[in-house]
Undergrad: 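If you scroll down you'll find the structure; I have some questions about it.
Chain letters run A, B, ... following the sequence lines, proteins first and then strands; every chain starts at 1. These numbers come from the heavy atoms of this one structure, side chains and all, not from hydrogens, waters or symmetry mates.
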Number of protein chains: 2
Amino acid sequence: MNRGRTTDKNPIPSVWAREQRRTDQPALSREAIVREAVAMLDADGIEALSMRKLGARLNAGATSLYRHVATKDELMELAVDEVAAEIHVPPADSPDWRAAVTEAAESFRTTALRHPWLTLVLGQAGLAYLGPNYMSFSERLAALFTAAGFPEPSRAIETVFSYVMGMSNAEAAWLTTVARSGETEAGFIARLMPAAQRAAADHTHLAIPHAEVEEATTEPAALRDTKFAYGLEVVLDGLALRLPK
Amino acid sequence: MNRGRTTDKNPIPSVWAREQRRTDQPALSREAIVREAVAMLDADGIEALSMRKLGARLNAGATSLYRHVATKDELMELAVDEVAAEIHVPPADSPDWRAAVTEAAESFRTTALRHPWLTLVLGQAGLAYLGPNYMSFSERLAALFTAAGFPEPSRAIETVFSYVMGMSNAEAAWLTTVARSGETEAGFIARLMPAAQRAAADHTHLAIPHAEVEEATTEPAALRDTKFAYGLEVVLDGLALRLPK
DNA sequence: TCGGCTGTGCGTACAGTGTTCGCAACGAAG
DNA sequence: CTTCGTTGCGAACACTGTACGCACAGCCGA
């Protein structure tokens, strides 16, 4: 818990009674802090991360972290850039731009669902995510869309990734509440369905097709995959129309 | 600040020294609380809202609010539903479905920018926003897309509103940081441009077209309008392809 | 007119938060 | 050996959301 010295109810200021600084644990470092923060965020959600708990998991005091990180917000930015490295964007010279963009979009979604706090933090900050990994992600995207022949690649990118962000954010939020319930996704849906049906009863157009109910209660993850892919195809179709032929 | 009784450093338990309860202020009510919460959220942002400050603005103590609202999270849900009433969705029998959907999308965006905390709260909760106004918003959308002839209206809705949410969220976050800077949007951009240019210098494909820079520093709001409309057209084009003719 | 009941306000308190400050201990350099 | 810059951290501050229990107001039946 502590790293030595005069603690543990030993107020005698004696050099001899002093514990040695433990060196078996690797020293506190920015990298280690960020890595552990990401682990905690993934495991327990965004509101479970506190500087004190994070310090404890690193066998350090809370305030020690401030030697390596200016503020908690900065730590979150670093965490975002850390996981941004996981997003894979195919090289610009890919033969099929649609396949390449689809791959990038799905990679983003996968990352966002693996770290369900990602979209939340991204949405809170507005800009400034100019970390190296996030920058290179943007750069690779720009290269991809430019090579595809879009005259205004930034517009196309913004369109696709607004959709991807919106969808991923909604999915991540959903998965978070499912996780908090302690149930499996299918079980959670099954338990919620009656209430949903009742709520939709007064609203004629909100009825859920039977096939959808069926799939939602048996293979919810697959259904989400399908939905995401559907919307992505829609957006890509719309973009394809704007590609000078 | 307080509503009477033995306070203000008057520990003498005398009935005579007691102030009367003030009745000139309207009584605390759920509606008043939610209304004031929305006002505070709009004015000072999401992290500036605390139960104590909210209570103070209502001439009440912080804990008094809990007589009308179970928890702060519930208050946020109520706030979301409150502003959801501002979103306008045209009736289902509109002659031009594209125009109608565009109107709904722009109304959502306008509302989200007027209350920049909206998308944040929506993204944090995952579901459960089953308040009456949000429900009727969903219902009206469903009616609109059904009338337009979409065989799977929920898919189409999800696609459009993922885009709208993603875009609005990004814009809201941007406007929030601009507001925090205390500058105008154009001024903020002008001040940031050199840093952005420098950051993009190493990344060949991230160069910003000169025309865009020009417009961003003169009419940033109009540029955002244009960008939003562009992406929306893309999505609607993609959807139109799936409309059985 | 008199209870008593119910609903409402809120002072106090608790456990937690992010962050500042100053001190103590260390490794390296002179 | 002394000095110096770096690192860890205990204590403290100003907050946060919220549970608890008391004090009062208005009302309803007697």
Undergrad: Between the side chains of B:K72 and B:E77, is the shortest nitrogen-to-carboxylate-oxygen separation below 4.0 Å, so that they form an ion pair?
TA: no

Undergrad: Check whether any side-chain nitrogen or oxygen of A:S50 sits under 4.0 Å from OP1 or OP2 of C:dG16, and answer yes or no.
TA: no

Undergrad: In whole Å, I'd like the distance from the CG atom of B:D73 to the C1' atom of D:dG17.
TA: 10 Å

Undergrad: Are OP1 or OP2 of C:dG7 and a side-chain N or O of B:H68 less than 4.0 angstrom apart?
TA: no

Undergrad: Is the shortest distance from a Lys or Arg side-chain nitrogen in B:R35 or B:E82 to a carboxylate oxygen in the other one below 4.0 Å?
TA: no

Undergrad: Could you check how far CG of B:L65 sits from P of C:dC10, rounded to whole Å?
TA: 9 Å

Undergrad: Tell me if the side-chain of B:R67 makes a donor-acceptor pair with the base of C:dG7, cut-off 3.5 Å, by modelled atom types.
TA: no

Undergrad: Which part of the nucleic acid, if any, lies within contact of B:L49, taking any heavy atom under 4.0 Å across all strands shown: a base, the sugar-phosphate backbone alone, or nothing?
TA: sugar-phosphate

Undergrad: Looking at D:dG10, does its base get a donor-acceptor pair with the side chain of A:T63 below 3.5 Å?
TA: yes

Undergrad: What integer distance in Å separates A:I33:CD1 from D:dC9:P?
TA: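 From A:I33 CD1 to D:dC9 P: 11 Å.
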
Undergrad: Could you check how far NZ of B:K53 sits from C1' of D:dG17, rounded to whole Å?
TA: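 For the pair B:K53 NZ and D:dG17 C1', the rounded distance is 13 Å.
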
Undergrad: Among the candidates D:dT7, D:dG17, C:dT19, find the nucleotide nearest to the side-chain atoms of B:M51.
TA: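 Between D:dT7, D:dG17, C:dT19, the one nearest the side chain of B:M51 would be D:dG17.
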
Undergrad: Find the distance A:Y66:OH to D:dC13:C1' and express it as a whole number of Å.
TA: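 Checked: the OH to C1' distance equals 13 Å.
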
Undergrad: May I ask you to verify whether the side chain of A:R52 and the base of C:dG16 hold a donor-acceptor pair under 3.5 Å?
TA: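 Such a pair does not exist between side chain and base.
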
Undergrad: Take A:E74 and A:R30, measure what salt bridge (charged side-chain N to carboxylate O under 4.0 Å, His left out) needs, and give me the verdict at the end.
TA: CA-CA 11 Å; A:E74 184 184 299; A:R30 175 176 266 208; 3.0 Å; yes

Undergrad: So that I can tick it off, tell me whether B:D225 and B:R109 are bridged by a salt bridge, with the cut-off set at under 4.0 angstrom between side-chain N and carboxylate O.
TA: yes

Undergrad: Taking atom C1' of D:dA25 as reference, at what distance in whole Å does atom CG of B:L28 sit?
TA: 15 Å

Undergrad: Please tell me which of the listed nucleotides, D:dT16, C:dT19, C:dG9, lies nearest to the side chain of B:S64?
TA: C:dG9

Undergrad: Expressed in angstrom and rounded to an integer, what is the separation of B:L54 atom CG from D:dT18 atom P?
TA: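 Atom CG in B:L54 sits about 12 Å away from atom P in D:dT18.
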
Undergrad: So that I can tick it off, tell me whether B:K53 and B:E47 are bridged by a salt bridge, with the cut-off set at under 4.0 angstrom between side-chain N and carboxylate O.
TA: no

Undergrad: Using whole Å, report how far CD of B:E47 lies from C1' of D:dC15.
TA: 14 Å

